[in-house]
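Reading through the structure tokens given below for one structure.
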Amino acid sequence: DTAVSQTPKYLVTQMGNDKSIKCEQNLGHDTMYWYKQDSKKFLKIMFSYNNKELIINETVPNRFSPKSPDKAHLNLHINSLELGDSAVYFCASSQDGVSGNTIYFGEGSWLTVV
Amino acid sequence: KNEVEQSPQNLTAQEGEFITINCSYSVGISALHWLQQHPGGGIVSLFMLSSGKKKHGRLIATINIQEKHSSLHITASHPRDSAVYICAVVEYGNKLVFGAGTILRVKS
């Protein structure tokens with residue numbers, strides 16, 4: 001069983017479309033995250049949720065909207081996709097925050113906007 | 001200038017060599033993570049530390065909070081250690097800030 005699973009793994013879509021990436025963790029963790037890895041392989045936090053509540057919201061265009069229906073799921077919806085949104089998006093989870101806890105990452109979702 | 005600096009950016013080693021990857025940071029932190037990203041893209045947590053030293057198999061991680069510096073050591077390196085090693089610090093506010101990564105290639 002994969003601890004943190006995200007779907008789809010690969011997504012190719014046209015500019016202007018709306019798409020979602022889903023994430024689920026079966027570790028019983030309270031905190032979930034979305035990270036973006038750009039073309040230079042640099043990782044950056046986008047959002048963090050603790051028990052369904054948004055606790056970190058970095059400077060991300062409001063076309064990106066996270067949704068956490070329960071503490072095991074954190075989905076990322078992206079409206080009006082742009083070329084610059086092409087990246088790898090990683091979902092992750094930890095027991096309670098990143099200080100003092102191991103982080104478990106999903107395998108990544110490769111998004112290509114054409 | 002990035003808040004988290006790693007060196008070297010690229011490292012090629014012969015199998016069996018002792019490897020050190022360094023991480024320096026400029027902000028106050030509550031913890032530091034070392035991560036490994038394999039060529040396939042998956043990211044695995046190696047260590048989380050807030051003081052001292054941790055060891056797991058052939059990997060050793062150290063941190064000096066006063067000097068704002070951490071090192072990751074690999075003993076008896078092996079081609080399967082080839083990966084990108086990423087240092088990430090936990091800023092107050094529970095936010096992870098990542099270094100740019102060190103690309104390690106171990107040749108047999």
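So that the names make sense, note that chain A is the first sequence line, chain B the second, and so on, each numbered from 1. Hydrogens, waters and symmetry mates play no part in the numbers below; they use all other heavy atoms, side chains included.
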Heavy-atom contact with chain B under 4.5 Å, split by part of Tyr33(A)
neither
I need the residue from Val90(B), Val89(B), Val97(B), Leu32(B) with the largest number of non-hydrogen atom pairs under 4.5 Å to chain A.
Val90(B)
Can you check whether Ile43(B) reaches Phe90(A) side chain to side chain, under 4.5 Å on heavy atoms?
yes
Check whether Ser30(B) gets within reach of chain A through its side chain, its backbone, both or neither, counting any heavy atom under 4.5 Å.
both
Please find the pair of heavy atoms, one from Phe98(B) and one from Phe42(A), that lie closest to each other, and give the distance.
O-CZ, 3.4 Å
Working to the nearest 0.5 Å, report the span between OG of Ser94(A) and CE of Met48(B).
10.0 Å
If hydrophobic clusters are built by linking Ile, Leu, Val, Met, Phe, Trp and Tyr wherever their side-chain heavy atoms come under 4.5 Å apart, do Val106(B) and Ile103(B) end up in the same one?
no
State whether the number of non-hydrogen atoms from other residues, nucleotides or ligands found under 6.0 Å of Gln9(B) atom CD is greater than 12.
no
Can you tell me if Glu53(A) has over 12 outside heavy atoms packed within less than 6.0 Å of its CD?
no
Looking at Lys53(B), I want to see if its NZ is surrounded by more than 12 non-hydrogen atoms of other residues, nucleotides or ligands under 6.0 Å.
no
Would you say Arg58(B) has more than 12 foreign heavy atoms packed within less than 6.0 Å of its CZ?
yes
NZ (Lys71(A)) with more than 12 external heavy atoms under 6.0 Å
yes
Is it the side chain or the backbone of Leu35(B) that comes within 4.5 Å of chain A heavy atoms, both, or neither?
side chain
CD (Gln14(A)) with more than 12 external heavy atoms under 6.0 Å:
no
Pairwise side-chain hydrogen bond (donor to acceptor under 3.5 Å, both in side chains) hits with a residue in residues 100-113 of chain A, at least two apart:
Gln6(A)-Ser109(A)
Rounded distance [0.5 Å steps], NZ in Lys95(B) versus CD1 in Ile56(A)
7.5 Å
Can you say whether Ile86(B) sits under 4.5 Å from chain A via the side chain, the backbone, both, or neither, judging by heavy atoms?
side chain
Could you have a look at Gly41(B), Ala88(B), Ser50(B), Gly101(B) and say which one has the most heavy-atom pairs with chain A under 4.5 angstrom?
Gly41(B)
Is it the backbone or the side chain of Ile103(A) that comes under 4.5 Å from a heavy atom of chain B, or both, or neither?
both
Separation between CD of Gln37(B) and NZ of Lys41(A), rounded to the nearest 0.5 Å
6.5 Å
